[in-house]
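First the structure, in the form of structure tokens, and then the observations on it.
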Amino acid sequence: MRVRSFRIESIRDNPPERYNGESVGELMTSSKSEQAISDLLHNLQIDVTSAHRTQCTSNWRDIDYSPDYNKFYFILDGEGWIRVDDQQIRPRPGQLCFMPAYTNQGYSAISDKPFLKYWCHFTTRAGAFDLFQWIGVPYCIDIQDKERMSRLFEQLVEPQGNSALVTLIRQKAVMLEILATFLEHVPVRILQHRSEEINRLNIIHDYVDKHLHLSVSVDELAALLHLHPNYFIAYFKKRFGISPHKYVNRKRMEKAKTLLMTTALSIKEVAALTGFADTNHFTKFFRKETGFSPTEFRGIYAS
DNA sequence: AGTTGGTCCATAAAGCAATG
DNA sequence: CATTGCTTTATGGACCAACT
């Protein structure tokens with residue numbers, strides 16, 4: 001049996017950064033935070049559970065509930081009231097409202113002119129949580145190009161495709177486009193209660209990045225976070241949706257692909273730079289992951 | 001020489017349950 | 001929440017063969 005020793009000495013040169021505990025959370029201005037989020041986005045799973053264009057009635061109302069899906073309202077006309085956590089909003093036509101999953105919400109008509117709106121329910125799974133359990137965004141924004149947003153929602157509501165398969169894929173594509181447009185126009189911050197996890201993911205990311213040419217063991221990574229290897233594996237997988245070892249391998253493949261596309265290094269050299277002592281194994285692994293042998297891949301994608 | 005592929009097997013990684 | 005001991009699973013390196 002392998003004894004997993006806890007190696008304190010390997011921690012010193014890379015101490016985990018403590019989050020400073022500010023209430024607002026960290027604005028995602030640094031590439032460091034974006035890095036962790038884009039790591040999470042590697043296994044983003046998007047699902048649209050419903051999408052409609054609805055003329056609400058005056059009894060449109062629910063004042064206390066917590067859905068397990070996110071919602072967008074794109075207001076076309078009318079007026080109404082929305083609450084997310086303790087923030088109350090009176091959205092106007094032309095505004096896009098976002099209500100994150102797992103937060104307490106309420107909504108109500110407030111006059112005899114209830115909302116006419118596009119709306120959708122969707123999830124954006126990233127690791128253990130929904131993307132919006134990692135990041136915080138404003139709940140209501142003005143949309144500049146209202147025609148375009150209307151078109152997108154129309155496509156979301158009535159996705160076009162010559163088969164159920166294509167229709168579903170189109171719908172996901174449109175949902176992603178709406179999401180991207182939304183995220184493009186809002187400040188994104190790391191949610192405070194997730195910042196420690198984001199920091200931890202960043203520590204792992206940086207270490208793996210720097211040591212990819214060596215073989216990075218799970219024990220080393222566990223030591224970085226001062227956690228027992230067995231616990232670390234479970235922790236990492238639960239939070240980030242991928243086992244540490246698979247994460248490292250993903251990084252190795254990303255680097256291998258880049259090297260194959262952008263350099264003329266031999267396969268042997270690429271293997272060495274991505275932590276494979278053995279070219280045979282590198283080739284086999286690469287084919288398993290990409291469906292191509294390294295030289296095939298280079299032939300297809302190298303510029 | 002360089003690359004790809006197959007099989008074997010030691011051991012690292014992952015999973016599990018008990019415990020503090 | 002985190003650690004620990006134990007079991008199961010999967011990986012990756014060694015070695016060999018074939019092909020360009």
Side-chain angles (χ1 to χ4, degrees), chain A residues 1-12 14-19 21 39-40 42-43 102 127-129 133-134 191-205 207-302:
Chain A
M1 184 203 69
R2 181 168 62 118
V3 179
R4 277 168 158 158
S5 61
F6 201 108
R7 281 163 301 175
I8 298 295
E9 60 277 10
S10 61
I11 295 162
R12 292 217 182 94
N14 227 336
E17 289 161 30
R18 291 270 150 206
Y19 179 66
D39 258 359
L40 287 166
H42 268 282
N43 23 0
Y102 309 105
F129 306 106
Q133 293 176 281
W134 292 103
L191 289 178
Q192 195 204 350
H193 59 289
R194 297 274 174 249
S195 60
E196 186 56 38
E197 284 155 322
I198 294 290
N199 276 341
R200 286 179 155 191
L201 185 54
N202 276 325
I203 290 164
I204 299 296
H205 173 271
Y207 184 86
V208 171
D209 208 39
K210 288 195 185 86
H211 298 82
L212 212 54
H213 56 291
L214 311 164
S215 57
V216 179
S217 75
V218 169
D219 283 13
E220 282 167 43
L221 300 180
L224 284 174
L225 301 190
H226 315 279
L227 293 173
H228 190 276
N230 288 5
Y231 181 70
F232 168 73
I233 290 169
Y235 171 89
F236 193 93
K237 187 166 185 182
K238 181 158 185 288
R239 300 310 156 99
F240 307 125
I242 184 172
S243 75
H245 191 227
K246 286 202 166 72
Y247 174 84
V248 172
N249 281 338
R250 194 175 76 200
K251 292 287 173 195
R252 294 166 98 185
M253 285 299 107
E254 282 171 15
K255 185 171 178 184
K257 286 181 192 171
T258 307
L259 290 173
L260 288 168
M261 286 189 291
T262 60
T263 73
L265 294 169
S266 71
I267 306 299
K268 194 176 176 179
E269 288 169 307
V270 172
L273 285 170
T274 49
F276 289 89
D278 177 41
T279 319
N280 295 355
H281 183 232
F282 171 70
T283 302
K284 278 181 279 189
F285 193 82
F286 193 89
R287 179 176 279 290
K288 195 178 88 177
E289 294 297 309
T290 66
F292 299 108
S293 72
T295 31
E296 277 172 6
F297 183 87
R298 174 174 268 160
I300 294 166
Y301 293 105

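The structure displayed is predicted, hence computed values, not measured ones. Order of the sequence lines fixes the chain letters, A, B, ..., with proteins taken first and strands second; residue numbering starts at 1 for each chain.
- Residue A:Lys246 contributes atom NZ, which lies 13 Å from atom P of B:dA13 at whole-angstrom precision.
- Taking atom CD1 on A:Ile233 and atom P on C:dA2, their separation rounds to 15 Å, with Å as the unit.
- Of the side-chain N and O atoms in A:His245, one or more sit less than 4.0 angstrom from OP1 or OP2 of C:dG12.
- Put simply, CZ on A:Phe236 is 16 Å from P on C:dA2, counting in whole angstrom units.
- A straight line from CD of A:Glu197 to P of C:dA2 spans 10 Å, rounded to a whole angstrom.
- For A:His228 and C:dA2, the shortest distance from a side-chain N or O to OP1 or OP2 is not below 4.0 Å.
- Counting any heavy atom pair closer than 4.0 Å across all strands shown, A:Phe285 reaches sugar-phosphate atoms only and no base atom.
- Classification of the A:Phe282-A:Phe286 ring pair by plane angle, with boundaries at 30° and 60°, yields tilted.
- Atom C1' of nucleotide B:dT3 and atom CZ of A:Phe292 are separated by 17 Å, given to the nearest angstrom.
- Rounded to whole Å, atom P of C:dC1 lies 13 Å from atom CD of A:Glu196.
- A donor-acceptor pair is defined here as one N or O able to donate and one able to accept, closer than 3.5 Å; such a pair exists between the side chain of A:Arg298 and the backbone of A:Thr263.
- At least one side-chain nitrogen or oxygen of A:Tyr231 sits closer than 4.0 Å to the OP1 or OP2 atom of C:dC1.
- For B:dA14, the OP1/OP2 oxygens have a side-chain nitrogen or oxygen of A:Ser243 closer than 4.0 Å.
- Checking B:dC16, B:dG5, B:dT3 against the side-chain heavy atoms of A:Ile267 singles out B:dT3 as nearest.
- Listed for the A:Arg252 side chain is a donor-acceptor partner under 3.5 Å among the backbone atoms of A:Gly275.
- For B:dA13, neither phosphate oxygen OP1 nor OP2 lies less than 4.0 angstrom from any side-chain nitrogen or oxygen of A:Asn249.
- Following rounding to the nearest Å, A:Asp219 (CG) and B:dA14 (P) show an atom-to-atom distance of 10 Å.
- A side-chain donor from one of A:Tyr207 and A:Glu220 sits under 3.5 Å from a side-chain acceptor of the other.
- Of the candidate nucleotides C:dG5, C:dA2, B:dT3, C:dA2 has the atom nearest to the side chain of A:Leu227.
- Side chain of A:Arg194 to main chain of A:Trp134: no donor-acceptor pair is present (N/O by atom type, distance under 3.5 Å, no hydrogens or angles).
- Taking for each of A:Glu269 and A:Val216 the nucleotide of DNA chain B with the nearest heavy atom, the 5'-most of the two is the partner of A:Glu269.
- Nearest heavy atoms, A:Ala222 versus A:Pro229: CB-CA, 3.6 Å.
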Scan nucleotides 13-18 of chain C nucleotide by nucleotide, 5' to 3', and note B when protein non-hydrogen atoms come under 4.0 Å of the base, S if they reach only the sugar-phosphate, - if neither. SBBB--
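- B:dG5 atom P lies 14 Å from atom NZ of A:Lys288, rounded to whole Å.
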Test side-chain contact (heavy atoms from CB on, under 4.5 Å) applied to A:Lys288 and A:Phe285, step by step: CA-CA 5 Å; A:Lys288 195 178 88 177; A:Phe285 193 82; 4.2 Å; yes
